[in-house]
*Asks:* 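Can you keep this structure in mind? I'll have questions shortly.
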There are 2 protein chains.
Amino acid sequence: MTLLPSPQQLRYLIALAESRHFGRAAQACSVTQSTLSAGLLALERQLDTSILDRDAGRHVVFTPLGLELVERARTALSALEAVSEAVLAAREPMGGPLRMGVIPTIGPFLLPRLMPALRRAFPRLKLYLREDTTANLAARLNANRLDLLLLAVPCECPGAEAMPVARDAFVVALPPDHRLAGEEQISPAALSTERLLLLEDGHCLRDQALAVCGLLAGDGTGEQDGFAATSLHTLVQMVANGLGITLLPRLAVAAGIVEGTGLVLRPLAGAGAWRTLGLVWRQNAPRASDYRALGAHLVDTCREALQ
Amino acid sequence: MTLLPSPQQLRYLIALAESRHFGRAAQACSVTQSTLSAGLLALERQLDTSILDRDAGRHVVFTPLGLELVERARTALSALEAVSEAVLAAREPMGGPLRMGVIPTIGPFLLPRLMPALRRAFPRLKLYLREDTTANLAARLNANRLDLLLLAVPCECPGAEAMPVARDAFVVALPPDHRLAGEEQISPAALSTERLLLLEDGHCLRDQALAVCGLLAGDGTGEQDGFAATSLHTLVQMVANGLGITLLPRLAVAAGIVEGTGLVLRPLAGAGAWRTLGLVWRQNAPRASDYRALGAHLVDTCREALQ
DNA sequence: ACTGTTCGATCGATAAAACCGATGACCTTG
DNA sequence: CAAGGTCATCGGTTTTATCGATCGAACAGT
């Protein structure tokens with residue numbers, strides 16, 4: 001039987017990959033630098049390969065194989081942690097810490113409603129939140145630094161399981177004096193010729209809104225003077241200032257994002273366009289059944305939030 | 001940070017689950033019984049849970065949670081082994097041992113051609129073979145006791161990646177004095193009223209043949225007097241004895257399975273039915289690129305084997 | 001009921017390893 | 001060239017894994 005790397009060695013490896021600094025990596029692992037150094041040397045000796053390029057000056061440089069090993073170490077360590085966590089999950093369903101990631105176009109509008117409902121339904125749940133873009137959240141989910149994502153599905157996330165929870169329609173928001181403000185509803189085709197304001201690149205809502213207008217995402221598509229908003233709230237302010245029009249998710253509208261701005265809201269003509277909100281977690285996550293139960297509650301909360 | 005189970009402890013757990021006997025499990029791990037016993041007790045203590053039901057007489061009985069932990073331990077250990085194996089795979093592409101499973105309706109007809117070709121292309125490859133049904137092979141793939149499967153895809157195998165390599169058409173085989181033997185080609189509908197002989201339950205070819213005839217798989221479907229064949233060779237002998245007709249994969253026919261039997265072969269009318277041969281391996285398998293290269297060779301071999 | 005056997009748990013001793021603190025060698029920077 | 005920072009190495013200590021021997025309970029055959 002081949003000699004296996006120890007979990008500790010893998011921790012050292014991952015910590016070093018994240019900080020690229022022996023001392024800080026050691027600190028993250030709560031050991032001394034000498035211990036971490038020796039542990040990594042032992043790992044290289046056991047695997048009979050070189051993980052670090054030690055001829056590369058004083059910077060920590062990984063060999064190509066070393067980088068692959070880091071990735072595999074991550075999944076291996078996640079699998080090990082899943083063993084421990086399965087015990088906790090079985091002992092106390094819907095208890096303990098849950099690290100959830102949420103995108104900025106959902107969080108501020110849904111969480112204020114969701115949190116009280118969850119606290120009522122699952123009093124023992126400790127929910128840690130992180131707001132970030134889909135790509136960053138997905139990376140953290142894979143690195144086992146988040147347990148659950150609340151975002152627009154489908155999303156590129158290999159090895160993950162998704163559960164759709166709600167359909168969130170897009171609504172056109174315009175200044176009251178806009179020439180389209182008199183229309184009952186607005187056709188998607190009409191949008192593509194307007195000055196369409198969008199969130200900056202990286203927000204999935206941006207790409208979805210562009211898709212609704214029949215435009216392809218790309219550098220600066222749909223931007224006015226190269227200017228894009230950093231949040232839906234600033235986006236609304238820009239529209240209120242007459243800089244253009246935009247698409248808002250019904251979820252944000254229902255949460256009152258346009259209140260006091262005087263903006264006019266109009267539905268999209270036709271079958272309408274929407275995004276699908278959903279939960280995403282790692283396959284084989286020990287608490288997957290918890291996540292599904294949470295998703296069931298989320299379905300209710302979304303129905304209420306979307307009136 | 002939570003205390004993680006050690007790889008050794010997981011090995012003990014898995015070995016015990018497989019043998020349900022402390023002494024033999026210890027032997028499988030090359031340790032003494034006392035070591036394994038202490039290791040498992042330490043694991044239960046660390047996880048603060050009970051894995052074994054020790055009030056259940058002298059038999060080894062796992063708790064429900066214990067069984068789940070065994071499953072998770074398997075995946076965790078596989079992930080750990082993947083780290084080590086990635087090193088070997090990088091050091092020597094297409095070298096070292098490869099444990100391949102193959103179904104009985106492919107192996108005897110393709111391997112005689114495949115093996116010499118592989119030996120020529122990859123001289124350093126050490127290929128271990130196991131012939132079994134799809135279900136058993138899939139179980140062994142998941143348990144990390146096989147690396148690669150050669151079978152009919154798609155197959156139920158979660159967490160696996162598949163690569164189709166060839167299309168293998170079905171051919172009707174009949175006795176020369178059969179009333180359908182005079183036809184140029186035979187329609188699938190005509191088959192369903194014939195005395196159709198098939199492999200016994202568990203062979204995927206059986207279900208595929210039934211599907212071709214528009215029949216659903218079920219208890220005894222398509223059996224004559226409750227009698228089913230255990231291999232394609234015996235099946236051919238039964239047809240030659242006038243007990244009925246059957247469907248054979250072109251692969252077996254091309255390998256000469258009906259030679260000397262006097263059986264008549266007729267194509268199926270219409271678009272024709274076929275099975276897809278393919279390779280399957282675990283996602284994240286360190287040698288996945290090797291498997292794809294092997295699959296590319298397999299495409300050639302199959303083309304030749306199917307003439 | 002008695003008895004020998006089998007099986008898993010426990011104990012004491014020993015060898016291996018993980019870890020720490022201090023130190024050394026080397027590179028980089030001012 | 002000197003100073004600071006960074007990783008590797010070394011000696012000593014603590015912890016852990018393992019073994020061999022033994023114990024006690026459950027079971028089977030008489």
Side-chain angles (χ1 to χ4, degrees), chain A residues 1-63 66 69-70 73 77 80 84, chain B residues 1-63 66 69-70 73 77 80 84:
Chain A
M1 185 64 80
T2 324
L3 192 57
L4 256 63
S6 81
Q8 197 74 307
Q9 289 170 336
L10 299 188
R11 260 201 287 255
Y12 296 163
L13 180 61
I14 293 170
L16 184 63
E18 280 175 1
S19 68
R20 310 221 157 220
H21 185 286
F22 275 66
R24 280 187 281 278
Q27 205 169 358
C29 296
S30 307
V31 296
T32 62
Q33 173 265 321
S34 69
T35 297
L36 187 132
S37 181
L40 282 172
L41 285 170
L43 182 63
E44 287 187 300
R45 187 170 42 75
Q46 284 172 26
L47 297 179
D48 188 26
T49 191
S50 75
I51 295 174
L52 297 173
D53 183 358
R54 291 197 170 71
D55 302 335
R58 50 189 288 153
H59 290 83
V60 174
V61 176
F62 284 81
T63 63
L69 293 185
V70 169
L77 217 47
L80 275 178
S84 305
Chain B
M1 184 65 79
T2 324
L3 192 57
L4 255 60
S6 81
Q8 198 73 309
Q9 289 170 336
L10 299 188
R11 260 200 287 257
Y12 296 163
L13 180 62
I14 293 170
L16 184 63
E18 280 174 1
S19 68
R20 308 219 157 221
H21 185 285
F22 275 66
R24 280 186 282 279
Q27 205 169 359
C29 296
S30 306
V31 297
T32 61
Q33 173 265 321
S34 69
T35 297
L36 187 131
S37 182
L40 282 172
L41 285 171
L43 182 62
E44 287 186 301
R45 187 171 42 76
Q46 285 172 26
L47 296 180
D48 189 26
T49 191
S50 75
I51 295 173
L52 298 173
D53 183 358
R54 291 196 170 70
D55 302 335
R58 46 192 288 158
H59 290 64
V60 175
V61 175
F62 283 81
T63 63
L69 293 185
V70 169
L77 218 48
L80 274 177
S84 306

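Proteins get letters first, then strands, A, B, ... in listed order; numbering begins at 1 in each.
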*Asks:* Which of these nucleotides, C:dC20, C:dC7, D:dC7, is closest to any side-chain atom of A:Thr32?
*Replies:*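 Nearest listed nucleotide: C:dC20.
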*Asks:* Could you check whether the side chain of B:Ser34 and the base of D:dG20 have a donor-acceptor pair of N or O atoms closer than 3.5 Å, going by distance alone?
*Replies:*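 Counting by modelled atom types and ignoring angles, a donor-acceptor contact under 3.5 Å is found here.
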*Asks:* Could you go through B:Leu16 and B:Ile51, starting from their C-alpha distance and side-chain angles, then the distance that decides it, and tell me whether this counts as side-chain contact (heavy atoms from CB on, under 4.5 Å)?
*Replies:* CA-CA 11 Å; B:Leu16 184 63; B:Ile51 295 173; over 6 Å; no
*Asks:* Given atom CZ of B:Arg20 and atom P of C:dG8, what is their separation to the nearest angstrom?
*Replies:*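 These atoms are roughly 12 Å apart.
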*Asks:* Give B:Gln8 one of three labels, base, sugar-phosphate or nothing, depending on what nucleic acid heavy atoms sit under 4.0 Å from its own.
*Replies:*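 B:Gln8: backbone/sugar contact only, no base atoms under 4.0 Å.
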*Asks:* Is the number of heavy atoms from other residues, nucleotides or ligands under 6.0 Å of A:Gln27 CD greater than 12?
*Replies:*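 Counting neighbours around CD of A:Gln27, 12 or fewer heavy atoms of other residues, nucleotides or ligands fall under 6.0 Å, so no.
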*Asks:* Take the protein atom OH of A:Tyr12 and the nucleotide atom C1' of C:dA17, then report the distance between them rounded to whole Å.
*Replies:*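 For the pair A:Tyr12 OH and C:dA17 C1', the rounded distance is 11 Å.
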*Asks:* Touch check for B:Gly39, heavy atoms < 4.0 angstrom, all strands: base, sugar-phosphate only, or nothing?
*Replies:*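 Here B:Gly39 touches no strand at all.
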*Asks:* Using whole Å, what does the distance between atom C1' of nucleotide C:dA18 and atom CZ of A:Arg11 come to?
*Replies:*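 In whole Å, C:dA18 C1' and A:Arg11 CZ are 13 Å from each other.
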*Asks:* Check for a donor-acceptor pair, side chain of A:Thr63 on one end and backbone N or O of A:Leu52 on the other, with a separation under 3.5 Å.
*Replies:*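 Not confirmed, A:Thr63 side chain does not pair with A:Leu52 backbone.
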*Asks:* Verify the contact: side-chain N or O of A:Thr35 to OP1 or OP2 of C:dC20, cut-off strictly under 4.0 Å; return yes or no.
*Replies:*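 Indeed, a polar side-chain atom of A:Thr35 lies that close.
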*Asks:* Let me know the distance between CD of A:Gln9 and P of C:dC19, rounded to the nearest Å.
*Replies:*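 One finds 9 Å between P of C:dC19 and CD of A:Gln9, rounded.
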*Asks:* Can a donor-acceptor pair be found, under 3.5 Å and without considering hydrogens, that links the side chain of A:Gln33 to the backbone of A:Ala26?
*Replies:*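 Side chain of A:Gln33 to backbone of A:Ala26: no pair is present.
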*Asks:* For the pair B:Ser19 (side chain) and B:Ala15 (backbone), establish whether a donor and an acceptor sit closer than 3.5 Å, ignoring hydrogens and angles.
*Replies:*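 Yes; judged by distance alone, with no hydrogens or angles, the pair exists.
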*Asks:* Rounded to the Å, how far apart are A:Leu41 CG and D:dC10 C1'?
*Replies:*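 After rounding, the gap between these two atoms is 13 Å.
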*Asks:* I need the CZ-C1' distance between B:Phe22 and D:dA25, as an integer number of Å.
*Replies:*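 After rounding, the gap between these two atoms is 14 Å.
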*Asks:* Starting at atom CG of B:Leu40, determine the distance to atom C1' of D:dT18, rounded to an integer number of angstrom.
*Replies:*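 For the pair B:Leu40 CG and D:dT18 C1', the rounded distance is 14 Å.
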*Asks:* Among D:dT18, D:dA8, C:dT10, which is the nearest nucleotide to the side chain of B:Ser37?
*Replies:*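 Comparing D:dT18, D:dA8, C:dT10 against the side chain of B:Ser37, the answer is C:dT10.
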*Asks:* Identify, between B:Ala38 and B:His21, the residue whose nearest nucleotide on DNA chain C lies closer to the 5' end.
*Replies:*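 Nearest nucleotide further toward 5': that of B:His21.
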*Asks:* What's the CD-C1' distance between B:Gln33 and D:dC23, to the nearest Å?
*Replies:*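 Answer to the nearest Å: 12 Å.
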